[in-house]
Amino acid sequence: MAFKIGLLGLGTVGTGTAEIILNPAGRHSLLKEIAIHRVGVRSLDKPRGIQLPPQAMTTDLEAIVTDPEIDIVVELLGGLEPARSLILKAISAGKHVVTANKAAIARYGDEIYSAANAAGVYVLLEAAVGGGIPVIKPLKQSLGANRIASIIGIVNGTTNYILTQMTTAGADFDEVLAEAQKLGYAEADPTADVDGLDAADKIAILASLGFGGRVKRENVYCEGIRQVSAVDINYADKLGFVIKLLAIAKGSGGYESDTLQLRVHPTLIPKTHPLASINGVFNAILVEGDPLGQVMFFGPGAGAGPTASAVVSDIMNIVGILKSSGKTQFLDPLLTCTHQHYCTITPIEELETRFYARFLCRDIPGVIGHLGTCFGNHQVSLESVVQIGFQGELAEIVVVTHDVREGNFRQALQEIGCLEAIKTIPSILRVL
Ligand SMILES: NC(=O)C1=CN([C@@H]2O[C@H](COP(=O)(O)OP(=O)(O)OC[C@H]3O[C@@H](n4cnc5c(N)ncnc54)[C@H](OP(=O)(O)O)[C@@H]3O)[C@@H](O)[C@H]2O)C=CC1
Ligand SMILES: N[C@@H](CC=O)C(=O)O
Ligand code: NA
């Protein structure tokens, strides 16, 4: 008897998922016991890249999540609604759920996992972070013995693809974004990628798993890559850095540590750092724990095949459990989410980090001295100050600070902004 899947969505990831299930040859034998029973889409007339029996296709998604024949609902719609309501309905109908929807889980994880635990069903989400990279299950299971100190990742394929193309080919932002959309990497609304929201969803999920507490999505500090310019990419290169969109979660005391720093922003990374060489659509997540030390998960972070690989592995995981126990009255605590408390997130102005700032100023004697005085007034110590180029009549000065409290750095910038010689401060970026 086959285990029946109700597939919600037949777009990039849905099609990739169906392709694997319909072509089990040469893969794990459990795949032969999985059948796509029904598929829910928005439009029945759209041409599809895969052949499915027309009678399996429907626009009535509620009928799928309540269909008594279906064992596992696979939600690959994206967006918040109707995804959230359909997941909750599937759970209350006793279905296990597999989803790639980080946006919905990051915001409604609390509601969804409470419902799933009460109903005795699994909600698995390996595809939601890092696409095809196994990172959710390793964090839940293989790293469970560790006190996690930090999780730092490049977790958005679209922005990494854009930054890589801008760095290596001097490509234009809008053109590369259009390419990423064509390749199926970007979200339906690519502002979620470009503005860092997708990465923020993902780090909220990873932090919750790594640090054993719930995270309020709105507490994740988030900046995207719109302000990263070719000029800064060049300066970063000259100073020995590359610019990447990083998602960072750091705890103060391991598992169930209550205070976390949680942020997404473009970051200058030393070229020697392991994350510096992660290019294109690839993602990587560097986890540091005690006693393990550092471990890095690397692979394709978006796209049909890689993401479907993660979706299908979750389906197989559930099928394996159903086959061996026949029921799931007692959920495996290493596969579920049972956190009850919310972590406290440190406000961004309290955090200490290095900064890169670029100033455009009149080329008059003493400017660098004035900058140094303003920084000194706010306990901001400088690691380097360089004046390399000109933009028209204006000199360009770039500073890199030592670790400083963000609040102090911002106060210093305010004072600097009032200096007669300073015209603008076009870029402020953090440095790892
Ligand atoms: N693309 C990627 O690389 C990755 C995506 N993800 C996540 O996977 C999920 C799916 O993404 P992706 O496949 O790229 O998205 P697509 O936009 O390519 O596909 C979405 C599918 O859902 C259907 N759909 C959407 N809304 C509705 C609705 N209201 N009613 C009925 N059907 C609906 C669409 O139907 P129709 O075809 O008729 O329009 C389409 O088949 C998202 O949560 C995304 O964040 C995660 C990792 C990587
Ligand atoms: N839009 C996302 C898709 C995978 O999660 C990305 O670009 O990483
Ligand atoms: Na993954």
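Values reported hereafter were calculated over all heavy atoms of this structure, with side chains retained and with hydrogens, waters and symmetry mates removed. For reference, positions follow the sequence shown, starting with 1. Numbering of ligands and ligand atoms starts at 1, following listing order.
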At the Na ion (ligand 3), O of Ile133 and O of Glu126 open up to roughly (10° bins) 150°

Give the atom numbers and elements of ligand 1 that come within less than 4.0 Å of a heavy atom of Pro82.
29 (N)

Check for me whether Arg48 has a heavy atom closer than 4.0 Å to any atom of ligand 1.
yes

I need the nearest protein heavy-atom contact for atom 45 (O) of ligand 1: residue, atom name and distance, please.
Glu187 OE1, 2.7 Å

Does atom CD (Gln51) have a neighbourhood of more than 12 heavy atoms from anything else shown, all under 6.0 Å?
no

For atom 8 (O) of ligand 2, closest protein heavy-atom neighbour
Gly157 N, 2.7 Å

Option with minimal heavy-atom separation from atom 1 (N) of ligand 1, where the choices are Ala100, Ala302, Gly184
Gly184

Is a donor on one side and an acceptor on the other found under 3.5 Å between the side chain of Arg263 and the backbone of Ala249?
no

Residue portion contacting ligand 2 (non-hydrogen atoms closer than 4.0 Å) for Ala128:
neither

Test: Glu179 and Lys182 ion pair at under 4.0 Å:
no

What are the two closest heavy atoms between Lys244 and Ala276, and how far apart are they?
CE-O, 3.7 Å

Please could you name the atoms of ligand 1 that Leu10 approaches to less than 4.0 Å, counting only its heavy atoms?
21 (C), 40 (C), 41 (O)

Considering only the protein, which heavy-atom contact is closest to atom 36 (P) of ligand 1, and what is its distance?
Lys46 NZ, 3.5 Å

Within reach of ligand 2, part of Asn156 (heavy-atom separation under 4.0 Å)
both

Less than 4.0 Å is my threshold; does some heavy atom of Lys102 fall inside it relative to ligand 1?
yes

I need the contact type for Thr307 against ligand 2. Using non-hydrogen atoms and a strict under-4.0 Å cut-off, is it side chain, backbone, both or neither?
neither

